[in-house]
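All remarks here apply to the structure that follows.
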Amino acid sequence: MPAPPGRSWLGCPSRHRGAFAYVAGQLADGEQVKLMRLRHTGTAATRGFALYLASSDTYENTVLPTGSITGTPSQALECACNLHLANPDT
């Protein structure tokens with residue numbers, strides 16, 4: 001299930017619609033950037049995962065680095081942050 005209204009996923013700002021939780025990251029200056037969408041799969045431990053694509057302003061189902069199309073919210077957040085928030089200069 002999505003987090004209860006008014007709550008966040010893994011400490012990140014989120015909004016909920018149906019079976020989906022849309023998760024954003026919050027930068028140091030307070031700006032929020034869209035990261036991913038989690039989909040309820042019927043179990044509490046795993047979620048479907050879609051990355052946000054800024055180029056098309058859409059979410060695309062994504063395979064996690066584990067090779068699975070589902071995983072824990074923590075696995076999905078780590079993958080999304082590594083892709084969206086990584087410093088390209090490092």
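Along the sequence shown, residues are numbered consecutively beginning with 1. Given the structure is predicted, the values throughout are model-derived calculations rather than measurements.
The stretch residues 48-77 participates, sequence neighbours left out, in these salt bridge (Lys or Arg N to Asp or Glu O under 4.0 Å) pairs: Lys34-Asp57. The stretch residues 70-81 participates, sequence neighbours left out, in no salt bridge (Lys or Arg N to Asp or Glu O under 4.0 Å) pair at all.
The other members of the hydrophobic cluster of Val63, by chain and number, are Ile69 (side-chain heavy atoms under 4.5 Å, ILVMFWY only).
Of all heavy-atom pairs spanning Pro65 and Cys79, the tightest one is CD-SG, 3.8 Å. Nearest heavy atoms, Ala76 versus Phe49: CB-CD1, 3.3 Å. The heavy-atom pair separating Leu64 from Gln75 by the smallest distance is CD2-O, 3.9 Å. Nearest heavy-atom pair, Ala24 versus Leu35, reported as atom, atom and distance to 0.1 Å: C-CD1, 3.8 Å.
With sequence neighbours excluded, no residue forms a side chain to side chain donor-acceptor pair (under 3.5 Å) with Thr62. Checked against side-chain contact (heavy atoms from CB on, under 4.5 Å), Glu31 has the following partners two or more places apart in sequence or in another chain: Leu27, Asp29, Val33. Considering only residues two or more places apart in sequence or on other chains, Ser56 meets the side-chain contact (heavy atoms from CB on, under 4.5 Å) condition with Leu53, Thr58. Residues satisfying the ring-ring contact (aromatic ring centres under 6.0 Å, His included) criterion with Tyr52, sequence neighbours excluded, are Tyr59. With sequence neighbours left out, the side-chain contact (heavy atoms from CB on, under 4.5 Å) criterion links Ser68 to Thr66, Thr70.
Of the inter-residue distances, the one linking Arg37 atom CZ with Arg47 atom CZ reads 13.5 Å to the nearest 0.5 angstrom.
Between the side chain of Thr72 and the backbone N or O of Thr46 there is no donor-acceptor pair closer than 3.5 Å.
Residues Pro73 and Leu77 form no side-chain contact, since every pair of their non-hydrogen atoms from C-beta on lies 4.5 Å or further apart.
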